[in-house]
Amino acid sequence: MQYWLMKSEPSEVSIDDALAAPASTVPWTGVRNYQARNFMRDLMRPGDGVLFYHSSCPEPGIAGLAEVASDAYPDPTQFERDSKYHDPKATPETPRWMLVDVRAKRKTALLSLAVLRADPALAELAILKRGNRLSITPVSASEWRCILQHLSK
DNA sequence: GCCAACGTTGGC
DNA sequence: GCCAACGTTGGC
């Protein structure tokens, strides 16, 4: 059982969008970074805990709780010529990009970056590290507990 | 819109 | 394999 933080731009897929989807489940399309892909492909397992993070928006922060809902499989958008996620070097025989399904569990009060930064127990949280742009990052069990504690306030 | 930080590309 | 140029991310 592992824990993750996954960024999504709410103008693309917000926690509300995910909760409104069939079975509250969305395919995590569009990841085009090898490290993030490898996390999904090699380390994620169904049932892993997910912090649903809103990025590139007026109020960035943790907006909900979710879980990994599938093993990794090829991201179909890489094969779609008219998709902005199309990758001409990918073929169904040799896919490059993988994704997992994510099931939203609940929306939370927004846990802002300022609040996260103010907690010394979260000093090592990857999302708070300078220059970190990874859209998927691991969260330790103690960080997860700490964040749940914040969310229960 | 700015800009720091980082990943990727491609010429050599 | 180096590394400069370029593109992207994402908070502010």
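Any value given below was found using the heavy atoms of this structure, including those in side chains, with hydrogens, waters and symmetry copies removed.
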Write down the protein N/O and nucleotide N/O pairs, taken from nucleotides 1-8 of chain C, whose separation is under 3.5 Å; answer none if there are no such pairs.
| residue | atom | partner | partner atom | Å |
| --- | --- | --- | --- | --- |
| C/dT8 | O2 | A/Arg133 | NH1 | 2.5 |

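What separates CG of A/Leu134 from P of C/dG11 is a distance of 13 Å, to the nearest Å. Rounded to an integer number of Å, the gap from A/Leu128 CG to C/dC12 P is 10 Å. Straight-line distance from the CZ atom of A/Arg130 to the C1' atom of C/dT9: 15 Å, rounded to whole Å. A/Leu116 places its CG atom 15 Å from the C1' atom of C/dG10, with the value rounded to the nearest Å. Atom CG in A/Asn33 sits roughly 10 Å away from atom P in C/dT9 (whole-Å rounding). In this structure, A/Leu113 places its CG atom 10 Å from C1' of C/dG10, rounding to the nearest Å. A/Leu110 places its CG atom 14 Å from the C1' atom of C/dG11, with the value rounded to the nearest Å. The nearest whole Å value for the distance from the CG atom in A/Asn132 to the P atom in C/dG10 is 9 Å.
Paired runs in DNA chain B that reach 3 or more consecutive Watson-Crick or G-U pairs, where each pair keeps both distances under 3.5 Å, cover B:1-12 with C:1-12.
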Show me, pair by pair, the donor-acceptor contacts under 3.5 angstrom made by side chains of residues 113-125 of chain A, not counting sequence neighbours?
| residue | atom | partner | partner atom | Å |
| --- | --- | --- | --- | --- |
| A/Asp119 | OD1 | A/Ala121 | N | 2.8 |
| A/Asp119 | OD2 | A/His150 | NE2 | 2.7 |
| A/Glu124 | OE1 | A/Lys129 | NZ | 2.9 |

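Between the side chain of A/Ser14 and the main chain of A/Asp16, a donor-acceptor pair closer than 3.5 Å is present. The closest donor-acceptor contact from the side chain of A/Ser8 to the backbone of A/Pro10 lies at 3.5 Å or more, if one exists at all.
Counting any heavy atom pair closer than 4.0 Å across all strands shown, A/Arg32 reaches no nucleic acid atom.
Taken residue by residue, residues 88-98 of chain A places no heavy atom nearer than 4.0 Å to DNA chain B. For residues 51-63 of chain A, proximity to DNA chain C is found at A/Tyr53, A/Ser55, A/Ser56, A/Pro60, defined as any non-hydrogen atom under 4.0 angstrom from a strand atom.
Applying the salt bridge (Lys or Arg N to Asp or Glu O under 4.0 Å) criterion to A/Glu80, with sequence neighbours excluded, gives no partner residue. In terms of the side chain to side chain contact (heavy atoms under 4.5 Å, CB included) criterion, residue partners of A/Lys84 (sequence neighbours excluded) are, by chain and number, A/Glu12. Annotation: side chain to side chain contact (heavy atoms under 4.5 Å, CB included) contacts of A/Tyr73 (sequence neighbours excluded): A/Pro27, A/Ser70, A/Leu99, A/Asp101. Legend: residues meeting salt bridge (Lys or Arg N to Asp or Glu O under 4.0 Å) with A/Lys105, ordered by chain and number and at least two apart, are A/Glu67. Take A/Asp87 and apply the side chain to side chain contact (heavy atoms under 4.5 Å, CB included) test, not counting sequence neighbours, and it matches A/Gln78, A/Lys89, A/Ala90, A/Arg96, A/Trp97. Evaluation of the side chain to side chain contact (heavy atoms under 4.5 Å, CB included) rule for A/Ala141 yields A/Tyr3, A/Arg145 as partners, not counting sequence neighbours.
The closest side-chain heavy-atom distance from A/Leu111 to A/Ile147 is below 4.5 Å. Contact annotation: the side chain of A/Asp75 never approaches that of A/Val31 to less than 4.5 Å [non-hydrogen atoms, C-beta and beyond]. Considering only heavy atoms from C-beta on, A/Cys57 stays 4.5 Å or farther from A/Glu9 through its side chain.
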Derivation of the side chain to side chain contact (heavy atoms under 4.5 Å, CB included) call for A/Arg45 and A/Val68
CA-CA 7 Å; A/Arg45 295 292 175 267; A/Val68 176; over 6 Å; no

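Judged as a side-chain hydrogen bond (donor to acceptor under 3.5 Å, both in side chains), the pairs with a partner in residues 48-66 of chain A (not counting sequence neighbours) are, in order, A/Trp4-A/Asp48.
Considering only side-chain N and O atoms, A/Lys7 lies nowhere under 4.0 angstrom from the phosphate OP1 or OP2 of C/dT9.
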